[in-house]
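Note sheet for the following structure.
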Amino acid sequence: MRTLTYLVAVTLDGFVAGPDGADPTGPGGFWPVTAADIAYLTATYPETLPGPARTALSVTADGDHFDTVLEGRRSYQVGLDAGVTNAYPHLRHVVFSRTLAESPDPGVELVATDPVAYVRELKRQQGKGIWLVGGATLAAALRPEIDRLVIKRAPIAIGSGIPLFAGEFAVDTYRPVHSDALDSGVVVTTYERPAPTLPTERFDLRPLTRQQAERILADDRTGQPWSPGYPRADDRDVARMALRHDAADDPWFGALQIVDRDTGLVVGGLGCFGPPGDDRTVEFGYGVAPEVEGRGIATEAVRGLLDHVFATGRVDLVRADTTHDNLGSQRVLEKAGLHRYASDDRLHYYERRRTT
């Protein structure tokens, strides 16, 4: 599933612009952009540089993070006032407005419908991440859908102005995951919304994010809380599947990681191979790192997943299969309440029906 990132520059006291809403980095602005700032964006987020800046700096990189940018009517007006009808021609550019009758630029899409519903549909589509550039009112409306904040905090305080979010009081919790201090004094900090968790007695089941799937396939263990035997070959297959298919309607019908609550380590994975269809049936698979086998991890995780799946009211039957020689897997399925209903020359097939 694609993610929505609010990447924005703010002052020390939390403002994205002065009281007049003008571009703080433009002519007469209070925030001078330094060579260090430009170098950082060019290397890390080249797709967030406006088209004229990319041309002036000879930047051609597509960037790894975003292929779509969203902004509100007032934020878009800042560009229009500067004579720029599409500041991001290299991205899919979406502007939310109920007052513009037609788009000033053929490369800019106007949306007058509910931004939350629109973004949820965007997330279901294939593509890179979605960048929310502003403004504060749109950011407030989209708070439930913001997965990540990238805050470029300047060593400047202005006392009043346009806040990061302009909306109702509500508490959202994010966790810091990375920070870069630039020579200009700007500190760029990335925050992520904590992943939803399905707890069992000893473990937490967490949806496998796109970023985590990409790291598994790249065998990038840097800073990852992975058990030594994770990921297994099957986990790489699951990661490929997670990148190809979408479980946006309910992440619990997609790929999950098994996290040991005591150590914080990912010790295995499991999940359904997609949401139920008209037959109200799902298939699932599972596996744990070799060094933690024999601790009842798979049994506990499978029971937790199936309890949740049945509790949704959308599933009447769950199925799984295992090879003839995998006695451990057969015991897991049987302990989780499944029974064998068929076999062929290679596999045993198991199922469990929902009980009312």
Side-chain angles (χ1 to χ4, degrees), residues 1-7 40-41 43-48 61-68 123-131 145-151 174-180 188-198 203-248 251-274 284-292 297-298 301 305:
M1 183 172 66
R2 301 168 77 188
T3 54
L4 177 63
T5 299
Y6 187 17
L7 187 156
Y40 177 84
L41 290 177
T44 312
Y45 293 102
E47 64 268 53
T48 66
D62 291 334
D64 299 326
H65 302 281
F66 313 116
D67 61 13
T68 303
K123 286 184 173 184
R124 294 186 178 98
Q125 299 173 10
Q126 294 296 315
K128 296 180 183 179
I130 306 162
W131 171 34
E145 293 301 315
I146 295 174
D147 305 290
R148 184 178 295 105
L149 298 171
V150 179
I151 303 298
Y174 290 84
R175 60 186 180 91
V177 296
H178 186 75
S179 187
D180 289 305
V188 184
T189 305
T190 300
Y191 300 85
E192 291 185 352
R193 189 185 295 274
T197 298
L198 181 62
F203 305 98
D204 290 326
L205 310 183
R206 297 178 184 170
L208 179 69
T209 66
R210 183 179 187 87
Q211 289 73 24
Q212 290 162 346
E214 290 171 344
R215 286 197 134 176
I216 288 172
L217 293 178
D219 198 25
D220 180 6
R221 303 184 66 87
T222 306
Q224 295 305 297
W226 293 347
S227 191
Y230 180 90
R232 305 165 302 119
D234 287 350
D235 295 309
R236 293 183 176 88
D237 292 339
V238 169
R240 293 186 187 93
M241 183 179 67
L243 294 178
R244 288 196 304 266
H245 302 291
D246 177 45
W252 306 113
F253 287 116
L256 310 176
Q257 292 179 313
I258 306 171
V259 181
D260 187 317
R261 198 175 298 125
D262 287 339
T263 65
L265 295 178
V266 179
V267 295
L270 81 165
C272 300
F273 302 143
F284 70 95
Y286 54 89
V288 298
E291 66 273 13
V292 297
I297 295 174
L305 173 64

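Judged by distance alone, with hydrogens and angles left aside, the side-chain atoms of Asp237 form no donor-acceptor pair with the main-chain N or O of Asp234 at under 3.5 Å. The main-chain N or O of Thr190 is never found under 3.5 Å from a side-chain atom of Arg148 such that the two would form a donor-acceptor pair. Checking side-chain atoms of Trp131 against main-chain N and O of Leu7 turns up a donor-acceptor pair under 3.5 Å. Checked by atom type and distance alone, the side chain of Thr209 pairs as donor or acceptor with a backbone atom of Gln212 at under 3.5 Å. Although no hydrogens or angles enter the test, the distance criterion places no donor-acceptor pair under 3.5 Å between the side chain of Asp204 and the main chain of Thr197.
Atom CG of Leu41 and atom CD of Glu47 lie 10.0 Å apart (nearest 0.5 Å). Considering CG of Leu208 and CG of Leu256, their distance stands at 8.5 Å, rounded to 0.5 Å. In this structure, Asp262 CG and Phe203 CZ are separated by 8.5 Å, a value rounded to the nearest 0.5 Å. To the nearest 0.5 angstrom, Thr189 atom OG1 is 8.0 Å from Ile151 atom CD1. The distance from the OG1 atom of Thr5 to the CD atom of Glu192 is 8.5 Å, given to the nearest 0.5 Å. To the nearest 0.5 angstrom, Tyr191 atom OH is 12.5 Å from His178 atom NE2.
In terms of heavy-atom proximity, Cys272 sits nearest to Trp252 at SG-O, 4.2 Å. In terms of heavy-atom proximity, Ala298 sits nearest to Tyr286 at CB-CD1, 4.1 Å. In this structure, Lys128 and Asp67 approach most closely via the heavy-atom pair N-OD2, 2.9 Å. The shortest heavy-atom contact between Pro46 and Gly63 is CG-CA, 3.7 Å. Shortest non-hydrogen contact noted between Gly264 and Pro225 is O-CB, 3.5 Å. Across all non-hydrogen atoms, the minimal contact from Asp220 to Trp226 is O-CH2, 3.6 Å.
In this structure, Leu205 and Ile258 have side chains that are in contact, with non-hydrogen atoms separated by less than 4.5 Å. The shortest distance between side-chain heavy atoms of Arg221 and Pro231 falls below 4.5 Å.
Residues satisfying the side chain to side chain donor-acceptor pair (under 3.5 Å) criterion with Arg193, sequence neighbours excluded, are Tyr174.
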Please evaluate residues Glu214 and Leu217 with respect to the criterion side-chain contact (heavy atoms from CB on, under 4.5 Å), reporting the C-alpha separation (whole Å), side-chain torsions for both, the decisive distance (0.1 Å), and the verdict.
CA-CA 5 Å; Glu214 290 171 344; Leu217 293 178; 5.9 Å; no
Evaluate the criterion salt bridge (Lys or Arg N to Asp or Glu O under 4.0 Å) for residue pair Asp147 and Arg2; output intermediate values, then yes/no.
CA-CA 10 Å; Asp147 305 290; Arg2 301 168 77 188; over 6 Å; no
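Counted within 6.0 Å of CG on Asp180, heavy atoms from surrounding residues, nucleotides or ligands total more than 12; the atom is thus considered enclosed.
For the side chain to side chain contact (heavy atoms under 4.5 Å, CB included) criterion with Ser227, the lone passing option out of Val267, Val266, Val259, Val288 is Val267.
Ring geometry for Tyr40 against Tyr45 counts as tilted: the plane angle lies between 30° and 60°, on a 0 to 90° scale.
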